[in-house]
Amino acid sequence: MSENVVHLHKATDPPTDDTAPTVLTVVPDGPPARPVPLWVRSGRAIKTGVTHESTRATVRAVARHGLYTFNGGRIVARRAWDGRTGSRYERMIRAAEAAGNLEAAEEWEERLQRFRAARHHRRMDLLHSPVDAAKGVAVGAGMSIGALVALGVVMAINTGKVGDVITPLSATVDFIALLIRIVQIVWGPALAIGPFLALLALWSVGRKQHAAPAWALPANVRGGEGEPITPSIVVKALRDLGVPALRNAIKEMGDAGASMLGPIRIAGCGVEVDVTLPSGVATNEVQTKRRKLAENLTRHEHEVFITIPAAARTVRLWIADSGALDEPIGPSPLATDESLTADYTKGRAPWGQDLRGDAAALSLYQRHLLITGLSNQGKTAALRALALWACLDRRVEFRIADLKGAGDWAMFDGLATVLIQGPADEQVIEATEMVESLVEEMNHRIEIRRRDPKAVFAPLIGIVDEAQVAFMCPVKDEDGRPYGGSKAVSRYFMGVRKVHNQGRVVDVLLWEGTQDPTDQNLPKLVREGAHTRASLALGTESQARMALGDKAVDGGAAPHLLRQGLDKGTLVVASDGIEIPAGQASITVRTHYINDEQATAITDRAKALRDGVTTLHAIDRGEQRDPLTDIATVLGSDTRVRTQEVITRLAALNADAYAGWSFIDLKRVLDDAGAEPYKSDGRMVVGRDRVARALANRDADGSASAE
């Protein structure tokens, strides 16, 4: 290895004279390394100094105090102009006319006329004031001299000296001379100090009004976190949005721009105000500038929501208290109140809180449901919270396919009649057949309703979590039909469409949860078939339109503006099943989070309301069935089960074998086995003991025959 060579040379870039400083560098053996010239290093030091925080603070301070003085002068000049002219009244008249308040406009016009009349009288008085003032001075001076002479006469009589007659006059002249001398002494310094005092007064006015750009203000003023929302702050924020027509209209209205605002109302953890926009300003011009409006209001973007109420040319602003949306909303009533029950038909599921802080409850009655959003935003938790409430109504039957398979729905084992868990193609096939079993049950109920229009059915809710896995599945059945896809040959797609089309009227419902909606993993016909559509944080506005529909997004719904990872569990909901403020197309809900332990406790309470449910973890297909054995299987640990419930469970067990069964088919099998159905509390039921005895007798007969 070669030795390092020490090169001694001068920093002559750019060339200088012989006095240029020398630079010592140690480089490997080879061509001499070019040293860093001192003038370059000095430039870097200057650049570093300019970008140093103390330098930036100094620049901000100089700019701030200079602008305080300059803008303070503008404020004082504006106030003086307003005081001397009728411009204030004219601005008020224009503002009242813009707001359509003609009575206020007439009142301000009358005040303007009174002001002008008073000003005219003052000016006319000025024409006569010099003569009047001269007369007044002459009379006053004569009276004062006479009084002083009289005083001198009295003093002369008292002292006996004639000279005392002019003593008061001479004393008065000496006093006036002293005053003139004092003025002569003070006048010079006053002239020198006066401008500085005037500048100080202007600086004080500017400082009180924070009359400087935001970047130059101190941190405690610039941040403004938690600053209360007032009409002037809202008007200023709107004026600075960068909408020329809006800015010009507010400029003409002056301080009366607040006439655009309705009352500022306390609404939960924030305030709400309606803004009637001036003519020529469209509501979407304000909607598209949400971030700038929020920053003008000293808020973050996620702390300001803009919706369109029913009134024309109006936007509704909801402005959160600073940091309030980052605080949790508290536990679900399902987890804290063990006495809470559910009523699928008339009740509402406690889902969370709206932005006002009011309870947000959702009606599930005869409504298909779709929840979508990016991964890991709380979709499964929001969907499961609704199911946990509905399971407290013992009439509701669940059939669940969890295509994520992470155990999020494991607590429904023993509660749901079908529970499929896993992301593999095999689970997609089973989920598809579960949806098809919903179609068969729907058709069966429709047939019963055709014969008996007054027939009432127990609610049947099918849940498919991570439904995009089913739509994207490429597997085909033995006939070549794909399970996934969005075409008419897709089994899953067609099953969902059929349930959406007719299931509601016979209480067969389908709830789906899916990630990142696109036309491939959430076809248009499927998403538009859901009565309740909710979305967590999404990536783009186009995805928001897929999730909620154009009407909701055009009305202000903006799940794509929610913060991924920070707004977990916050949903934008479009549904007639939840109370939405008049004129709005959607509502933002912060959902309660129910963890697995709390969910298990809730399902345990739900299981106690039922006689026992046998959960099927797989759907058998294509094999030869033994009806009596299958009946015993679906009875499980129940002592007796209604015949219609047995038929429903058999259809869930194997749709191919039992989907078309009626009471006659069930009765025929039981009668042949000697386990006839019987009445209990006025309803036909199947007894577990009878079926078990029939199976035992049949097995015994089969054994005897074999021997």
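Heads up: numbering here begins at 1 and tracks the sequence.
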Derivation of the salt bridge (Lys or Arg N to Asp or Glu O under 4.0 Å) call for Lys292 and Asp240 = CA-CA 9 Å; Lys292 192 169 186 178; Asp240 297 339; over 6 Å; no

Does [X] use its side chain to pair, donor to acceptor, with the backbone of [Y] at less than 3.5 Å?
| X | Y | answer |
| --- | --- | --- |
| Asp358 | Asp354 | no |
| Thr372 | Thr514 | yes |
| Arg313 | Leu277 | yes |
| Arg348 | Gly577 | yes |
| Asn521 | Asp516 | yes |
| Arg527 | Leu522 | yes |
| Trp318 | Ala267 | yes |
| Asn296 | Ala237 | yes |
| Tyr365 | Gly347 | no |
| Arg299 | Ala320 | yes |

Restricting to non-hydrogen atoms, name the atom on [X] and the atom on [Y] that form the minimum distance, rounded to 0.1 Å.
| X | Y | result |
| --- | --- | --- |
| Ala574 | Ala585 | CB-O, 3.9 Å |
| Ile329 | Gly352 | CD1-CA, 4.2 Å |
| Ala360 | Ile578 | CB-CD1, 4.1 Å |
| Leu364 | Ala390 | CD1-CB, 4.0 Å |
| Met546 | Pro517 | SD-O, 3.5 Å |
| Leu340 | Pro350 | CD2-CG, 4.4 Å |

Rounded to the nearest 0.5 Å, what separation is found between the [atom1] atom of [X] and the [atom2] atom of [Y]?
| X | Y | atom1 | atom2 | value |
| --- | --- | --- | --- | --- |
| Thr380 | Glu466 | OG1 | CD | 5.0 Å |
| Leu562 | Lys568 | CG | NZ | 14.0 Å |
| Leu238 | Leu261 | CG | CG | 7.0 Å |
| Leu374 | Leu538 | CG | CG | 5.5 Å |
| Thr591 | Leu383 | OG1 | CG | 11.0 Å |
| Gln377 | Arg563 | CD | CZ | 11.0 Å |

Once the angle between the rings of His368 and His500 is folded into 0 to 90°, is it parallel (under 30°), tilted (30 to 60°) or perpendicular (over 60°)?
->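 Geometry flag for His500 against His368: tilted rings.
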
Heavy-atom neighbours of [X] [atom1] exceed 12 at 6.0 Å:
| X | atom1 | value |
| --- | --- | --- |
| Glu528 | CD | yes |
| Leu566 | CG | yes |
| Glu109 | CD | no |
| Arg74 | CZ | no |

Mind running side-chain contact (heavy atoms from CB on, under 4.5 Å) on Ile308 and Val315 for me, showing each step along the way?
-> CA-CA 5 Å; Ile308 309 299; Val315 293; 3.9 Å; yes

Is there a side-chain contact between [X] and [Y] in this structure, where contact means two heavy atoms from C-beta onward sitting under 4.5 Å apart?
| X | Y | result |
| --- | --- | --- |
| His560 | Gln543 | no |
| Phe412 | Ile463 | no |
| Asp465 | Lys379 | yes |
| Pro278 | Leu246 | yes |
| Ile250 | Lys236 | no |
| Val286 | Val243 | no |

Between the side chains of Asp274 and Thr314, does any donor sit under 3.5 Å from an acceptor?
->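 Checked: Asp274/Thr314 side chains show no N/O donor-acceptor pair below 3.5 Å.
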
Polar contact flag, side-chain donor to acceptor under 3.5 angstrom, Glu285-Gln287 =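 Checked: Glu285/Gln287 side chains show no N/O donor-acceptor pair below 3.5 Å.
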
Report the C-alpha separation of Val589 and Leu362 in whole Å, then their side-chain angles, then the decisive distance to 0.1 Å, and conclude whether the side-chain contact (heavy atoms from CB on, under 4.5 Å) test is met.
-> CA-CA 11 Å; Val589 176; Leu362 180 68; over 6 Å; no

Derivation of the side-chain contact (heavy atoms from CB on, under 4.5 Å) call for Phe305 and Arg290 | CA-CA 8 Å; Phe305 287 80; Arg290 176 184 173 192; 3.9 Å; yes

Are Arg384 and Asp596 within salt-bridge range, i.e. N to O under 4.0 Å?
->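 Yes, charged N to carboxylate O under 4.0 Å.
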
Going through the distances and angles, do Leu334 and Leu392 end up as a side-chain contact (heavy atoms from CB on, under 4.5 Å)?
-> CA-CA 10 Å; Leu334 292 171; Leu392 295 176; 3.8 Å; yes

